[in-house]
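Since the structure comes first, as structure tokens, the remarks are kept for the end.
All chains are named by letter (A, B, ...) in the order of the sequence lines, taking the proteins before the strands, and each is independently numbered beginning at 1.
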Amino acid sequence: MRVDVFEPRLRNMIDPRLPACVRGKTIVDVRRRAKYILIQLEKKNVWVFHLGMSGKLIHVASATPKQKHDHIVATLDNGQQLRYHDPRRFGLSIVVNEAELDELSQLRHLGLDPFNTQFHGEYLYSFTRRSKRRIRDLLLDQQVVAGIGNIYANEILGRVGVRPTARSSRLTRETVIRIASMIQTVLNEAIRWCGTSFSDYRDADDKFGEFQNHLRVYDRDGEACRICPSTIERVALGNRSAFYCPSCQK
DNA sequence: CGGGCGGCCTGGAGGC
DNA sequence: TGCCTCCAGGCCGCCC
């Protein structure tokens with residue numbers, strides 16, 4: 001593998017030593033931790049990516065013309081390329097030793113992954129007891145549950161009938177258990193539809209996802225609820241929008 | 001300390 | 001047609 005960096009100015013500057021560090025190494029595994037993609041290289045190095053809001057990591061033939069915002073291009077020995085493309089440059093790309101991975105500032109405080117066998121209703125319930133925050137904000141907190149973004153936080157709450165503005169500490173145990181279970185249901189469904197290509201998201205083959213066609217509340221303000229005769233509403237919560245059905249969600 | 005908010009970027013949509 | 005404003009899937013740092 002050979003790596004060329006065309007634009008190092010991501011959220012954090014790409015280390016100028018990165019191409020030399022990765023050069024000649026073989027990819028032995030690819031895995032995920034929360035929203036971070038971990039590319040395991042030989043010699044216990046891990047190449048970490050975060051896609052930010054507009055990033056894509058795609059696998060293409062080398063002959064594919066380079067696009068604007070293709071900031072990192074890794075040319076593999078089979079002639080194909082891995083490209084990191086990110087118009088807004090909010091992403092992250094670093095190489096670390098395997099041993100340092102868990103100590104990375106970005107990873108060390110992450111909460112449980114919702115597909116971890118340790119993740120269940122009581123785990124989430126314990127966080128809701130000590131927080132007066134709005135439940136939408138709690139679901140977005142990566143230190144509580146790792147991997148949920150604004151689209152899924154809204155969809156999860158839409159499907160359990162809880163308003164995004166509800167205060168965490170006022171939810172009942174039963175409600176929180178239903179939310180925890182719905183986190184897994186919604187994420188599984190979104191994965192089955194290959195993700196939500198609301199704007200920039202594409203899979204590794206640069207293909208669109210389909211889950212945006214199955215959203216019940218997100219980005220549907222002014223449209224009809226799919227369950228009842230009401231109209232979906234939108235409120236600004238912090239600097240991020242929240243969407244809900246005023247009659248289905250209490 | 002928990003938690004709210006502004007800022008980082010570019011691009012697309014919509015108003016005028 | 002262009003120019004302007006607003007908004008966007010996330011995260012960090014600053015402030016109270």
Side-chain angles (χ1 to χ4, degrees), chain A residues 6-14 32-37 48-58 67-72 84-94 104-111 113-114 126-158 164-170 183 186-187 189-191 193-204 206-223 233-243:
Chain A
F6 295 95
E7 173 55 86
R9 293 175 302 162
L10 303 189
R11 163 166 268 285
N12 298 312
M13 196 69 120
I14 295 176
R32 175 188 69 79
R33 173 78 181 101
K35 299 178 185 175
Y36 295 86
I37 296 168
V48 181
F49 282 94
H50 189 296
L51 304 182
M53 281 167 68
S54 57
K56 318 191 269 188
L57 191 58
I58 58 169
Q67 307 292 308
K68 188 178 180 184
H69 306 304
D70 280 351
H71 304 316
I72 307 172
Y84 180 70
H85 172 103
D86 186 5
R88 291 172 69 183
R89 309 202 317 264
F90 283 1
L92 170 89
S93 177
I94 51 171
L104 266 188
S105 61
Q106 288 90 352
L107 299 181
R108 63 184 300 177
H109 294 121
L110 289 175
D113 190 284
S126 72
F127 280 97
T128 63
R129 290 312 86 185
R130 42 193 148 106
S131 177
K132 287 192 220 164
R133 300 163 82 185
R134 294 180 166 95
I135 184 63
R136 197 285 312 255
D137 293 335
L138 195 80
L139 294 182
L140 285 180
D141 187 341
Q142 303 299 298
Q143 299 190 34
V144 176
V145 194
I148 300 175
N150 197 36
I151 294 177
Y152 298 124
N154 278 279
E155 287 302 299
I156 290 157
L157 294 172
T165 48
R167 298 287 171 176
S168 306
S169 55
R170 303 197 56 188
I183 289 172
V186 167
L187 293 180
E189 193 180 330
I191 291 165
W193 289 107
C194 300
T196 311
S197 292
F198 175 67
S199 52
D200 304 287
Y201 174 77
R202 302 291 182 273
D203 73 5
D206 210 19
K207 298 274 185 358
F208 288 74
E210 297 289 336
F211 193 63
Q212 66 279 9
N213 302 321
H214 301 267
L215 296 172
R216 299 202 194 162
V217 291
Y218 185 83
D219 199 40
R220 296 195 65 243
D221 51 318
E223 296 177 37
E233 293 181 5
R234 163 184 163 164
V235 286
L237 240 55
N239 9 338
R240 217 155 286 294
S241 296
F243 302 85

Checklist line | Identified stems (criterion: three or more consecutive Watson-Crick or G-U pairs, under 3.5 Å), DNA chain C | finding: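 Stems for DNA chain C, defined as runs of 3 or more consecutive pairs: B:2-8 with C:10-16, B:10-16 with C:2-8.
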Next item on the list: Can you run down the salt bridge (charged side-chain N to carboxylate O under 4.0 Å, His left out) pairs that involve residues 133-152 of chain A, sequence neighbours left out, and say none if there aren't any?
Entry: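 Matches after skipping sequence neighbours: A/R133-A/D141.
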From C-beta outward on [X], which listed nucleotide comes closest to its side chain: [options]?
| X | options | result |
| --- | --- | --- |
| A/S241 | C/dC7, C/dG10, B/dG7 | C/dC7 |
| A/R167 | C/dC11, B/dG4, B/dG11 | B/dG4 |
| A/N239 | B/dC5, B/dT10, C/dG9 | B/dC5 |

Notebook entry, point to check: For residues A/D70 and A/Q67, is any side-chain donor paired with an opposing acceptor at under 3.5 Å?
Noted result: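 Result is no, nothing qualifies.
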Notebook entry, point to check: For the base of C/dA8, is there a side-chain donor-acceptor partner from A/R88 under 3.5 Å away?
Noted result: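 For A/R88, whose side chain was compared with the base of C/dA8, there is a donor-acceptor pair (under 3.5 Å).
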Checklist line | Those residues of residues 126-150 of chain A lying under 4.0 Å from DNA chain C by at least one heavy atom | finding: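 Per residue number, the list reads A/Q142, A/G149, A/N150.
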Next item on the list: Tell me which of A/R11 and A/H69 sits closer to the 5' end of DNA chain B, going by the nucleotide each one is nearest to.
Entry: A/R11
Next item on the list: Between A/K68 and A/F90, just flag the one whose closest nucleotide in DNA chain B comes earlier from the 5' side.
Entry: A/F90
Check: With the threshold set at 4.0 Å, does a side-chain nitrogen-carboxylate oxygen contact exist between A/D200 and A/R88?
Finding: no
Notebook entry, point to check: Relative to the ring of A/F211, is the ring of A/Y152 parallel (under 30°), tilted (30 to 60°) or perpendicular (over 60°)?
Noted result: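 Taking A/F211 first and then A/Y152, their aromatic rings sit tilted (interplane angle of 30° to 60°).
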Margin query: In terms of relative ring orientation, are A/H71 and A/Y84 parallel, tilted or perpendicular, with 30° and 60° separating the classes?
Written below: tilted
Check: What distance, rounded to whole Å, do you find between the two C1' atoms, one in C/dG9 and one in B/dG3?
Finding: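 Here C/dG9 and B/dG3 have their C1' atoms 22 Å from each other.
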Next item on the list: Provide the distance between the two P atoms, one in B/dC9 and one in C/dC14, to the nearest whole Å.
Entry: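 Rounded to whole Å, the distance is 15 Å.
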Check: A/L57 pairs by side-chain contact (heavy atoms from CB on, under 4.5 Å) with which of A/D86, A/D206, A/I37?
Finding: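 Exactly one pass, corresponding to A/I37.
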